[in-house]
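A quick write-up on the structure given underneath.
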Amino acid sequence: MYEERSGRSEGVECGLEDQACQLMLKRLRGLGEGEFAWVRLVDPTEAELMQLAEELGLHPLAVEDAVQARQRPKTERFGGVLAVALKTLWYVDAEAAVETGELMVFVGPRYVLTVRHGAADPTVGAARRLEADPGMLRIGPLSVLHAVLDVVVDAYSDAADKVRAALTKLEDCVFSTSRVDHTEQIYSLKREVREFRDAVQPLVPVLEGLLSGPGQAEKGFPPKVLPYFRDVADHLNRTDTEVQSLDELLNSVLNAQQARVGTWQNDDMRRISAWAAIFAIPTMVAGVYGMNFEHMPELRWSYGYPLALALMALASGLLYRAFRRNGWL
């Protein structure tokens, strides 16, 4: 429960069957002028959410969206309630993977309801920011929406930095002298970046629609609030550009890896061809003298056998020297 002018807050932690919850619902019904409530739910069932929906006047479709947790970032308006769906995102260093969750934010005249799915909890950081800056509470429930968006977008930026570091490390491996094929790791990181883009890219037009769409007054966005949301939108645009850059750079790294693999294969084929040519000389000489015809040159000469071996060695040595000089061996 927040008081807009003083910035004072009161927390009530409860389950929906507790007496504390009944007290909370009673407080929600009795909210006065200059007060609003922030209800934070984690993985609620449809029945649990419907109980609150009746008190808060949420549309059944809004409840369905919040429970299913398979929404793309979007905004919808259900009467006097603004619903914002967005993806939470964090980077797992041990697995070099981007993990995502989902957050639904419902902003009403005197309340904010957040429904979270996933391990990341941006509402904790948002609550801390509101405590650190009580003056933001004067703009009412929109202060919670701004704080949540700010925390989520900052998490995007942090994750982008970590993906950039992982990509730089992978780049160094690809262009190192070792002959290791990193194609699988590149594809894996590219898949994570694609998941990153699916969270960030759709949110850009969502924020732009909140700020530049018609009828800001109808949306409940007073002019003094817009600069705060523009700042979040600016950070989000920078992160979106960074993620696009990472995706394009991964394409370049993948092409470079494939080119290096092709070069390795060409080197291997040249070596194989060179050794095959070297062994072809003694094979030919030995094949000629292995035919056992009676009238063959130098067949009964005592130095014929050493001469044949010397000829094989000399021809093979000359070929080896020529291939080494041309870089085939």
Side-chain angles (χ1 to χ4, degrees), residues 1-12 24 27-28 31-41 52-53 55-59 62 65-66 71 73-88 102-116 121-156 202-237:
M1 309 293 181
Y2 290 99
E3 192 173 290
E4 296 176 10
R5 289 188 178 180
S6 65
R8 289 182 298 183
S9 63
E10 176 188 351
V12 180
M24 179 192 71
R27 291 288 302 274
L28 284 174
L31 285 173
E33 187 69 23
E35 292 181 332
F36 69 92
W38 179 8
V39 184
R40 294 151 61 179
L41 298 181
L52 273 176
E55 296 292 333
L56 303 178
L58 292 181
H59 194 279
D65 288 347
Q71 306 299 318
K74 64 177 184 177
T75 58
E76 286 187 289
R77 182 165 286 280
F78 299 94
V81 179
L82 174 66
V84 181
L86 59 149
K87 297 284 187 181
T88 57
E102 186 168 315
L103 186 69
M104 287 287 295
V105 185
F106 299 97
V107 183
R110 288 291 165 199
Y111 71 86
V112 179
L113 171 64
T114 55
V115 182
R116 173 172 65 89
D121 188 3
T123 62
V124 174
R128 289 174 183 164
R129 295 191 183 190
L130 290 176
E131 291 175 4
D133 187 10
M136 283 292 295
L137 295 173
R138 293 190 179 93
I139 64 177
L142 286 175
S143 62
V144 176
L145 177 60
H146 169 265
V148 169
L149 286 171
D150 202 21
V151 171
V152 168
V153 171
D154 285 349
Y156 290 168
L203 189 58
V204 173
V206 168
L207 278 182
E208 290 177 350
L210 287 176
L211 294 173
S212 59
Q216 292 296 340
E218 296 175 3
K219 294 179 180 179
F221 278 55
K224 63 180 180 181
V225 174
L226 295 181
Y228 296 101
F229 284 89
R230 287 197 188 101
D231 181 65
V232 176
D234 181 57
H235 293 171
L236 180 63
N237 283 322

Side chains of [X] and [Y], heavy atoms from C-beta outward: is any pair under 4.5 Å?
| X | Y | value |
| --- | --- | --- |
| Leu203 | Lys87 | no |
| Val39 | Phe106 | no |
| Thr88 | Arg116 | no |
| Met136 | Leu130 | yes |
| Tyr2 | Val112 | no |
| Lys74 | Pro202 | no |
| Phe229 | Leu149 | yes |

Show, in sequence, the C-alpha distance, side-chain angles and deciding distance for Val81 and Leu58, and conclude whether the side chain to side chain contact (heavy atoms under 4.5 Å, CB included) test is met.
CA-CA 7 Å; Val81 179; Leu58 292 181; 3.9 Å; yes

Is Tyr228 reaching over with its side chain to a backbone N or O of His146, donor-acceptor style, under 3.5 angstrom?
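It does not hold such a pair.
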
Under a 3.5 Å distance rule, please check whether Asn237 uses its side chain to pair with a backbone N or O of Ala233 as donor and acceptor.
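Answer holds: yes.
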
Please round to the nearest 0.5 Å and tell me the distance separating atom [atom1] of [X] and atom [atom2] of [Y].
| X | Y | atom1 | atom2 | result |
| --- | --- | --- | --- | --- |
| Gln71 | Leu103 | CD | CG | 12.5 Å |
| Glu35 | Glu33 | CD | CD | 9.5 Å |
| Leu145 | Thr114 | CG | OG1 | 11.0 Å |
| Glu3 | Phe36 | CD | CZ | 10.5 Å |
| Met104 | Leu41 | CE | CG | 12.0 Å |
| Leu52 | Tyr111 | CG | OH | 9.5 Å |

Distance-minimising heavy-atom pair for [X] and [Y]:
| X | Y | answer |
| --- | --- | --- |
| Arg110 | Gly34 | NH1-N, 3.7 Å |
| Pro134 | Glu131 | CD-O, 3.7 Å |
| Gly108 | Pro141 | O-CG, 3.6 Å |
| Ser143 | Gly140 | OG-O, 2.6 Å |

Leu236 pairs by side-chain contact (heavy atoms from CB on, under 4.5 Å) with which of Val153, Val206, Asp154, Val152?
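Among the candidates, only Val153 passes.
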
Let's go through Val151 and Arg128 carefully: what are the C-alpha distance in whole Å and the side-chain angles of both, what is the deciding distance for side chain to side chain contact (heavy atoms under 4.5 Å, CB included) to 0.1 Å, and is it a yes or a no?
CA-CA 10 Å; Val151 171; Arg128 289 174 183 164; over 6 Å; no

